[in-house]
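Below you'll find the structure, written out as structure tokens, and then a few comments.
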Amino acid sequence: MTNTGMFFRMLLSAVFRRRSRAVMAVVASLVGAATLFCLAMICIAVPQQMNQEMRAYGANLIVTPLADSENGKSGIDDAMVEHTTEMVSAKGSEKHATYRYENVRVNAAPYVMAGVNPAQVRNLNHHWVVDGSWPSAGKVLVGRDVADAMGLKVGGSITIGYRASDNAASSGQASQSGTDGTDGTAQSGTGGTSDGQTSSGSTGAQQTQNGHVSSDIMDTSGTEFRVAGIVDTGGSEDSIIYALAGDVDKLTGSTRGVDVIEYSSGASDLTALVNSINDMTSMHVKAQQVTKITASDTRVITMLQTLFWIVSLVVLVFTLVGVGTTISSIVSQRRNEIGLRKALGASSHAIGVEFYVESAVYGLLGGLLGTATGYGMARWLCATVFERSIGFNWWLAVVSVVFSALVAVVASIPPVHRATRIDPAVVLREE
């Protein structure tokens with residue numbers, strides 16, 4: 001029989017003759033591998049899914065024209081919208097919606113009207129609850145606060161008038177309510193939270209041919225629209241009236257750019273993207289993060305990662321102690337055998353290699369069983385706690401098995417070191 005064959009025969013004999021100790025070592029590795037693999041799966045998969053789902057709750061990036069630029073008066077034109085969108089999409093997936101805001105009057109009361117592309121807004125803000133349908137030609141979507149204040153119902157009518165005097169004072173001011181102008185972040189994020197914010201290309205007491213532009217504060221005339229639906233978001237969007245961009249152009253008698261572009265960006269570094277847009281001074285626009293979305297997302301992910309590292313450290317210590325204690329027990333039981341082998345000429349290196357390989361076998365078995373168990377635990381936790389599914393990560397499984405074997409070998413270093421220092425003369429004299 002070759003030396004290699006004899007080595008594996010002795011290894012298998014050592015494992016099966018001390019099955020109880022072997023099972024304890026495997027169980028220790030299994031518990032560690034299962035816990036670590038389960039946490040790693042959750043901490044990798046859940047934040048990715050949560051990030052995608054958080055993006056469904058509106059924008060995490062807004063772009064507005066600089067107030068002191070030409071864009072501040074005419075809004076952001078289509079070419080600049082396309083250019084900005086290209087910059088955002090180059091850093092990751094994106095969804096966006098554009099808004100043109102105008103101050104309007106309904107029964108002489110002031111309101112904000114937004115010209116939008118309904119498909120864009122609907123795709124960006126999945127959390128909006130719309131009773132009825134989205135705006136179309138001649139039909140508007142009114143916020144819940146507006147509907148309650150005026151007693152509007154789906155299918156009813158609303159007369160909206162545009163007055164140049166309402167917008168002349170705010171011409172060139174394209175800013176979001178809740179925007180912190182000092183740090184470049186916006187505190188609230190979706191659907192055009194722009195109470196009182198508009199800009200207009202019209203000035204003075206201008207009159208259009210259809211008579212819808214007026215400077216008379218008590219004038220209740222205007223254009224009649226049908227109420228296509230009522231939107232309820234629980235935010236400032238509920239105080240806005242939404243219409244097609246083309247209908248807003250007709251109402252104001254002018255065509256201009258948009259006041260706000262909202263993005264749901266999948267960029268890995270949103271701050272760097274914001275800075276890259278703001279550094280392009282020739283664009284005459286200002287980009288800001290929406291902190292309500294990004295801060296919530298970051299906070300949840302940070303908590304999960306912190307929990308992972310804390311629990312991982314505790315589990316790693318227990319695994320090292322468990323495997324190390326088991327190997328120490330095996331060394332104590334085989335003390336006489338080790339002494340006899342050294343007396344017959346076995347080197348300390350050969351004895352150490354045998355114990356290290358035995359430990360690695362325990363770690364591999366425990367890693368395989370623990371990885372399978374950990375995946376089952378991860379699936380169950382994701383389904384019951386996070387209410388989402390999770391797929392199997394093969395590269396992480398390989399890392400888990402290899403790491404389990406490595407931990408078992410590291411844990412066996414102290415007892416193996418003691419085994420190689422056994423004096424055969426002392427052991428045999430005791431016999």
Side-chain angles (χ1 to χ4, degrees), residues 53 55-59 95-163 166-167 176-178 188-198 210-214 218-253 255 258-262 264 292:
E53 293 181 8
R55 290 178 58 198
Y57 286 88
K95 295 183 291 184
H96 73 278
T98 58
Y99 303 84
R100 171 190 175 179
Y101 295 106
E102 299 292 349
N103 291 327
V104 296
R105 296 249 173 188
V106 180
N107 294 335
Y111 287 97
V112 175
M113 189 173 192
V116 299
N117 180 324
Q120 293 179 346
V121 177
R122 186 173 187 175
N123 187 43
L124 181 65
N125 300 292
H126 294 288
H127 67 291
W128 283 20
V129 179
V130 176
D131 178 15
S133 59
W134 289 77
S136 57
K139 297 181 180 180
V140 297
L141 176 69
V142 299
R144 171 57 61 185
D145 293 345
V146 178
D148 292 343
M150 304 188 63
L152 297 174
K153 302 293 182 183
V154 176
S157 62
I158 179 175
T159 301
I160 302 175
Y162 175 81
R163 285 148 182 76
D166 291 341
N167 294 274
Q176 293 255 353
S177 67
S188 174
T190 61
T193 47
S194 304
D195 301 341
Q197 164 269 320
T198 55
N210 58 16
H212 296 153
V213 178
S214 170
M218 297 306 296
D219 185 5
T220 59
S221 63
T223 301
E224 183 175 292
F225 292 88
R226 306 297 295 181
V227 178
I230 299 173
V231 60
D232 190 350
T233 69
S236 56
E237 297 89 351
D238 293 353
S239 61
I240 299 176
I241 302 171
Y242 296 91
L244 294 183
D247 284 346
V248 175
D249 293 342
K250 293 178 182 178
L251 180 68
T252 61
T255 300
V258 299
D259 296 306
V260 175
I261 316 172
E262 291 187 344
S264 177
K292 185 174 71 174

Just to verify, what does S133 make a side chain to side chain contact (heavy atoms under 4.5 Å, CB included) with, not counting sequence neighbours? A228

With respect to I160, which candidate in L251, V248, T223, D247 satisfies the side chain to side chain contact (heavy atoms under 4.5 Å, CB included) definition? L251

If you define the side chain from C-beta out and look only at heavy atoms, does anything of T159 sit under 4.5 Å from N107? no

Atom pair OG (S157) and CD (E224), whose distance is rounded to the nearest 0.5 Å: 4.5 Å

In Å and rounded to the nearest 0.5 Å, what is the CG to OG1 distance from N125 to T233? 8.5 Å

Measuring from atom NE2 of H126 to atom NZ of K95, what distance do you get when rounded to the nearest 0.5 angstrom? 3.5 Å

Do the rings of W128 and W134 sit parallel, tilted or perpendicular, given the 30° and 60° boundaries? parallel

Determine whether L244 and V140 make a side-chain contact, defined as any pair of heavy atoms from C-beta on separated by less than 4.5 Å. no

Tell me every residue that passes side chain to side chain contact (heavy atoms under 4.5 Å, CB included) with N117, counting only those two or more places apart in sequence or in another chain. A119, Q120

With a 4.5 Å cut-off on side-chain heavy atoms, are V146 and I240 touching? no

Taking the side chain as C-beta and beyond, is there a heavy-atom pair between Y111 and E102 under 4.5 Å? no

How far apart are the closest heavy atoms of P135 and A243, and which atoms are they? CB-CA, 4.1 Å

Within residues 134-149 or reaching into it, pairs that qualify as salt bridge (Lys or Arg N to Asp or Glu O under 4.0 Å) - sequence neighbours excluded: R144-D148

What is the distance from atom CG of D259 to atom OH of Y99, rounded to the nearest 0.5 Å? 12.5 Å

Taking the side chain as every heavy atom from C-beta outward, state whether H96 and S264 have any atom pair closer than 4.5 Å. no

Are I158 and L152 close enough, and set up right, to give a side chain to side chain contact (heavy atoms under 4.5 Å, CB included), and what steps lead you there? CA-CA 8 Å; I158 179 175; L152 297 174; 3.8 Å; yes

With sequence neighbours left out, what residues match A245 under side chain to side chain contact (heavy atoms under 4.5 Å, CB included)? none

D249 meets the salt bridge (charged side-chain N to carboxylate O under 4.0 Å, His left out) criterion, sequence neighbours left out, with R100

Can you check whether I230 reaches V130 side chain to side chain, under 4.5 Å on heavy atoms? no

Residues in salt bridge (charged side-chain N to carboxylate O under 4.0 Å, His left out) with D131, at least two apart? none

